Participant: 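This structure is in structure tokens; I'll ask about it shortly.
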Amino acid sequence: MGKRTGPVAPGVAFVTGGARGLGNAIAVSFAREGARGIVIVDVNNEETMKEGVKAIEGQGTECLAIRADVTKEEEIERAVAQAVERFGRIDYAANFAGILGPGQRVADSDYSQWQKTMSVNCDGVMLSMKYEMRQMMKQSSIEVEEGRVPQQGSIVNAASVNSLLSTHGTVAYTAAKHAVGGMTKTAALEGRQHNIRVNAVSPGFLPTKLLDPVINRPGGAERWAKFEARQGRAVTGFDEVGDVVVLLSTPRMSLVNGQNLSIDNGYVINEGVDW
């Protein structure tokens with residue numbers, strides 16, 4: 001077996017929530033690792049979409065931006081079809097469209113806000129996987145090294161440390177992220193017979209725009225500092241997550257399936273006391 005050369009991820013990437021923040025960082029990581037085409041799917045405004053595309057095209061990679069709501073089945077079905085029409089296939093999917101939801105305790109929860117959070121963070125992932133898997137089942141394998149099994153596609157879902165843990169006032173978000181972990185396992189078992197791998201990642205505490213309301217509320221900065229202390233350090237850049245998603249998506253990870261990988265510098269294994 002000779003020395004590896006060439007791009008790490010030369011295929012086509014499809015990223016929901018890809019116009020800004022963590023989703024865009026993942027799309028840029030795919031671009032930096034040699035993806036020949038990237039599709040970003042988002043509900044954000046035109047200016048945000050343009051900025052997201054600019055960051056990707058700045059790496060010399062062709063990008064298609066599609067405005068679609070992952071909670072609406074016909075829109076995510078259309079987005080997948082448009083991606084395939086443009087690039088012919090989808091090799092890597094990263095489902096990172098999401099919202100934080102209400103900071104409400106169970107006894108004070110607003111059911112409509114619960115439904116909205118579950119719709120985006122849970123239903124949106126399921127619907128995205130449905131049409132991504134349908135496409136991957138129809139296509140041939142991406143090029144793999146001699147001796148490796150065929151790889152028709154990889155899907156990485158956005159879980160969270162809240163897919164493993166919880167805290168006060170996160171009932172909807174925590175429930176949705178636990179659901180993502182469960183759906184990932186089911187899809188992985190169903191997908192492997194079609195040479196499709198499905199995994200999840202659970203990022204730790206990243207200061208995304210999603211968390212601005214949490215950090216900026218009274219006492220929020222102090223609480224955030226405690227989370228970062230348990231994590232061991234602040235995150236230096238969203239590419240620390242983006243690069244993991246890319247590597248997990250490549251055929252080099254051909255035996256990794258149905259896993260929920262923590263990207264948190266040891267947060268979830270930490271009892272909370274540093275000596």
Side-chain angles (χ1 to χ4, degrees), residues 1-16 18 23 26-41 56 59-64 66 70 76-96 125-159 180 183-201 241-261:
M1 186 177 294
K3 185 177 181 180
R4 289 178 171 135
T5 60
V8 171
V12 177
F14 182 91
V15 184
T16 70
I26 291 166
V28 170
S29 284
F30 273 113
R32 293 178 66 191
E33 296 297 348
R36 70 176 177 87
I38 293 174
V39 181
I40 58 171
V41 180
I56 295 161
Q59 302 297 324
T61 302
E62 185 178 353
C63 180
L64 171 64
I66 301 173
V70 296
I76 192 64
E77 181 180 16
R78 170 179 57 82
V80 169
Q82 288 180 322
V84 175
E85 181 180 10
R86 178 73 165 268
F87 294 111
R89 58 188 293 126
I90 295 172
D91 297 299
Y92 327 111
N95 296 318
F96 277 75
V125 172
M126 188 279 291
L127 290 171
S128 297
M129 285 198 297
K130 175 179 178 178
Y131 290 99
E132 292 157 358
M133 291 183 76
R134 283 187 178 185
Q135 170 56 34
M136 291 173 177
M137 288 165 66
K138 294 187 294 186
Q139 64 194 28
S140 59
S141 173
I142 194 171
E143 185 177 349
V144 298
E145 294 178 351
E146 184 178 356
R148 291 289 180 97
V149 299
Q151 296 283 291
Q152 288 175 234
S154 167
I155 298 172
V156 178
N157 294 322
V180 168
M183 288 189 293
T184 296
K185 293 173 184 176
T186 301
L189 293 174
E190 294 174 356
R192 66 182 183 181
Q193 62 189 297
H194 302 285
N195 302 310
I196 299 167
R197 297 181 301 110
V198 185
N199 292 288
V201 294
V241 175
D243 289 350
V244 174
V245 173
V246 173
L247 294 173
L248 190 56
S249 301
T250 69
R252 295 183 190 179
M253 305 293 277
S254 56
L255 202 57
V256 181
N257 196 22
Q259 302 304 303
N260 183 358
L261 177 62

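Both backbone and side-chain heavy atoms feed into the values below; hydrogens, waters and symmetry mates do not. If you're wondering where the values come from, they're calculated on a predicted model, not measured in any experiment.
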Participant: Might you point out which heavy atoms bring Ile66 and Val39 nearest each other, and give the distance in Å?
Facilitator: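 Heavy atoms of Ile66 and Val39 come nearest at CD1-CG1, 3.7 Å.
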Participant: If you round to the nearest 0.5 Å, how far is CG of Asp91 from CD of Gln152?
Facilitator: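 Reported to 0.5 Å precision, the distance equals 10.5 Å.
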Participant: Are more than 12 heavy atoms, taken from residues, nucleotides or ligands other than Arg192, located less than 6.0 Å from that residue's CZ atom?
Facilitator: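 It does not: Arg192 CZ has 12 such atoms or fewer within range.
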Participant: To the nearest 0.5 Å, what is the distance between OG (Ser154) and CG (Asn195)?
Facilitator: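 Interatomic distance, Ser154 OG to Asn195 CG, rounded to 0.5 Å: 12.5 Å.
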Participant: If I compare all heavy atoms of Ser254 with all of Arg148, which pair ends up nearest, and what's the gap?
Facilitator: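 Between these two residues, the closest heavy atoms are OG-NH1, 3.3 Å.
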Participant: side-chain contact (heavy atoms from CB on, under 4.5 Å), that's the test. Do Val201 and Asn260 meet it? Break it down for me.
Facilitator: CA-CA 5 Å; Val201 294; Asn260 183 358; 5.5 Å; no
Participant: Quick one, Arg86 with Glu62, criterion side-chain contact (heavy atoms from CB on, under 4.5 Å). Give me CA distance, side-chain angles, the key distance, then yes/no.
Facilitator: CA-CA 10 Å; Arg86 178 73 165 268; Glu62 185 178 353; 2.9 Å; yes
Participant: So Asn199 and Val256, do their side chains get closer than 4.5 Å, heavy atoms only?
Facilitator: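 Yes, side chains in contact.
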Participant: Output, in order, the C-alpha distance, side-chain angles, deciding distance and verdict of side-chain contact (heavy atoms from CB on, under 4.5 Å) for Leu64 and Ile38.
Facilitator: CA-CA 6 Å; Leu64 171 64; Ile38 293 174; over 6 Å; no
Participant: If you look at every heavy atom in Val15 and Gly23, which pair is closest and at what distance?
Facilitator: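 Shortest heavy-atom contact: CG1-O, 3.5 Å.
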Participant: Report yes if some heavy atom in the side chain of Thr250 is under 4.5 Å from a heavy atom in the side chain of Met253; otherwise report no.
Facilitator: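 When only atoms from C-beta onward are counted, Met253 and Thr250 do touch, with a gap below 4.5 Å.
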Participant: Are the charged groups of Glu77 and Arg134 less than 4.0 angstrom apart, N to O?
Facilitator: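 No, no charged N to carboxylate O under 4.0 Å.
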Participant: Out of Thr184, Val156, Asn95, which one pairs with Val198 under the side chain to side chain contact (heavy atoms under 4.5 Å, CB included) rule?
Facilitator: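 Checked Thr184, Val156, Asn95 against Val198; only one passes side chain to side chain contact (heavy atoms under 4.5 Å, CB included): Thr184.
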Participant: Quick check against the 3.5 Å criterion: does Gln259 have a side-chain atom that pairs as donor or acceptor with the backbone of Ala200?
Facilitator: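 Here the side-chain-to-backbone pair does not exist.
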Participant: For the pair Glu145 and Arg4, find out whether any cationic side-chain nitrogen is under 4.0 Å from an anionic carboxylate oxygen.
Facilitator: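 Salt bridge flag = yes for Arg4 with Glu145.
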Participant: Do Phe14 and Gln135 come close enough that some side-chain heavy atom pair is under 4.5 Å?
Facilitator: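 Sidechains of Gln135 and Phe14: no contact.
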Participant: Got Glu143 and Pro10 here, is their nearest side-chain heavy-atom distance under 4.5 Å?
Facilitator: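 A side-chain contact under 4.5 Å is absent here.
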Participant: Please find out if less than 6.0 Å separates the ring center of Tyr92 from that of Phe30.
Facilitator: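 Yes; Phe30 has its ring centre under 6.0 Å from that of Tyr92.
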Participant: Step by step, would you call Asn157 with Ile155 a side-chain contact (heavy atoms from CB on, under 4.5 Å)?
Facilitator: CA-CA 7 Å; Asn157 294 322; Ile155 298 172; 3.6 Å; yes
Participant: Filter on side chain to side chain donor-acceptor pair (under 3.5 Å), then keep only pairs touching residues 31-40, sequence neighbours left out; what's left?
Facilitator: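 For residues 31-40: none.
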Participant: With no hydrogens and no angle check, just 3.5 Å: does a side-chain donor-acceptor pair link Gln82 and Arg78?
Facilitator: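 A pair is found: one side chain offers a donor N or O, the other an acceptor, under 3.5 Å apart.
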Participant: With distance as the sole criterion, is a donor-acceptor pair present between the side chains of Arg197 and Gln151 under 3.5 Å?
Facilitator: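 Result is yes, a qualifying pair exists.
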Participant: For Cys63 versus Ile40, what's the shortest heavy-atom pair and its separation?
Facilitator: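 Where Cys63 meets Ile40 most closely, the heavy atoms are SG-CG1, 4.2 Å.
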Participant: Write down the atom of Ile196, the atom of Met133, and the distance for their closest heavy-atom approach.
Facilitator: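 Heavy atoms of Ile196 and Met133 come nearest at CD1-O, 3.9 Å.
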Participant: Indicate the atoms forming the closest heavy-atom contact of Ala158 with Val180, along with that distance.
Facilitator: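 For Ala158 versus Val180, the nearest heavy atoms are O-CG1, 3.6 Å.
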